[in-house]
There are 2 protein chains.
Amino acid sequence: MAGRTDTKREILDVAEQLWLHRGYNGFSYQHIAKQLGIKSAAVHYHYPAKQDLGVALVERMRRRFARWVVRTAELDGFWPKLDAYIAIHQVYLDDDSKVCPTGILDAEFHTISDEMRRSARELTREMHGWLTTLFRDGREKGDVCFRGEPDGVAAVVGATVQGALQIARAVGRGSFHLTIDHLKLQLRRREPTVDA
Amino acid sequence: MAGRTDTKREILDVAEQLWLHRGYNGFSYQHIAKQLGIKSAAVHYHYPAKQDLGVALVERMRRRFARWVVRTAELDGFWPKLDAYIAIHQVYLDDDSKVCPTGILDAEFHTISDEMRRSARELTREMHGWLTTLFRDGREKGDVCFRGEPDGVAAVVGATVQGALQIARAVGRGSFHLTIDHLKLQLRRREPTVDA
DNA sequence: GTCTATATCCGGATAGAC
DNA sequence: GTCTATCCGGATATAGAC
């Protein structure tokens, strides 16, 4: 009805909203069904067990990130790329105060299936790998300044963005922007002048 | 039996372990009762509703942090204090890969009671306030070097530690240490020499 | 303060009709 | 592919005995 041609995909879309908003243990097939105007048994037809749905959610995130990486390759230089990475998260924040996939996966890590955990681990590694390359290239070109190794700063940035997104839920969105602004400030190329 | 003199406190202790390990929506009164060798009805006697228990958990964390602040005041200088802050989180990591209270509260924020949310907000502000003072004083004494405002760097550090703790669940403890090492590296006092 | 017993509800899941 | 009907188990919670 109403032109539904791909229920399976719509289920995934609704589930994703609920997932990033309330967590994996915070939504049920009933929630999904109600939003789509179908019965929960219909959801089970497409995803027999909830963990099937869970794995599908994470796997789709991985594919989406992989496509994003390809698109983002066309951006020129360190800062536009870092901004693009941050923008992904900014969208979550603005979309009803959601958190990023890894943020929710990590928090509920000990309650999800092995397969979801494996996917979560892969997604985390893929994101960290991208950031590492970003910092390695950025340093080579002199666009960014940092001490230590690229994978170390990449870990800092990844953790900061994930953490900032969550903390903004408790204390407000301003907190996210404050955090991101200062994160970028610490990474700015060092000017020849001495700072305070 | 076995010398239990304060069941209410023991309940809180067990609940805290479960909470930081599996999340608020990831444990039940049955789990608590089984671990203590009592029935879930007995747990309800001490904490009638689960949200009473939830609020008690967060409030105790706030009191604990307040006491920690007093104790830590005796530490001398910026770095020992920052290390003490990190050590709190290191303990969570080593204790069966738990996360910090705010990390789990933020992730499940949209599923908890108003009162838990209020407490969570207060705890977050208290921790951020402490970090802000730390950076303000540290800068004045020249122990630490950063651009921007103390509350901004405090936000970065708070978010980084929280995020790093979570990410370590997915990819291993080494990730936490890598992150912390590089976080501290970026904050080191700037030497007169030029760096790469 | 803890127990047994019970009530209620909900989430996950399946069978079989349409 | 979606429905109705149903089952099971678990989680929250209360009443009343001990």
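Proteins get letters first, then strands, A, B, ... in listed order; numbering begins at 1 in each. Because the structure is a prediction, the values reported are computed rather than measured.
- Separating the CD1 atom of I38(A) from the C1' atom of dT4(D) is a distance of 15 Å, rounded to the nearest angstrom.
- In this structure, a donor-acceptor pair under 3.5 Å is absent between the side chains of Q35(B) and Q17(B).
- Partners of D52(A) by salt bridge (charged side-chain N to carboxylate O under 4.0 Å, His left out), not counting sequence neighbours: none found.
- E16(A) pairs by the salt bridge (charged side-chain N to carboxylate O under 4.0 Å, His left out) definition with R60(A), R64(A), not counting sequence neighbours.
- Judged as a salt bridge (charged side-chain N to carboxylate O under 4.0 Å, His left out), and not counting sequence neighbours, the contacts of R9(B) are D13(B).
- The side chain of A42(A) lies closest to dC3(D) when the candidates are dT2(C), dC3(D), dG1(D).
- Note: OH (Y45(B)) to P (dG1(C)) measures 4 Å, nearest angstrom.
- Atom pair K39(A):NZ and dT2(D):P shows a separation of 13 Å (rounding to whole Å applied).
- Screening residues 160-190 of chain A for ring-ring contact (aromatic ring centres under 6.0 Å, His included), with sequence neighbours left out, gives no hits.
- Rounded to whole Å, atom P of dT14(D) lies 16 Å from atom NE2 of H46(B).
- When rounded to the nearest whole Å, the span between CG of L36(A) and P of dC3(D) equals 10 Å.
- R136(A) is linked by a salt bridge (charged side-chain N to carboxylate O under 4.0 Å, His left out) to nothing, counting only residues two or more places apart in sequence or in another chain.
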Polar-atom pairs under 3.5 Å, protein N or O versus N or O of nucleotides 11-15 of chain C: list them with distances, or write none.
unit_1, atom_1, unit_2, atom_2, d
dG12(C), OP1, K50(A), NZ, 3.0
dG12(C), OP2, Y29(A), N, 3.1
dA13(C), OP2, K50(A), N, 2.7
dA13(C), N7, H44(A), NE2, 3.2

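- Nucleotide dT2(C) holds its C1' atom 11 Å from the CD1 atom of I11(B), rounded to whole Å.
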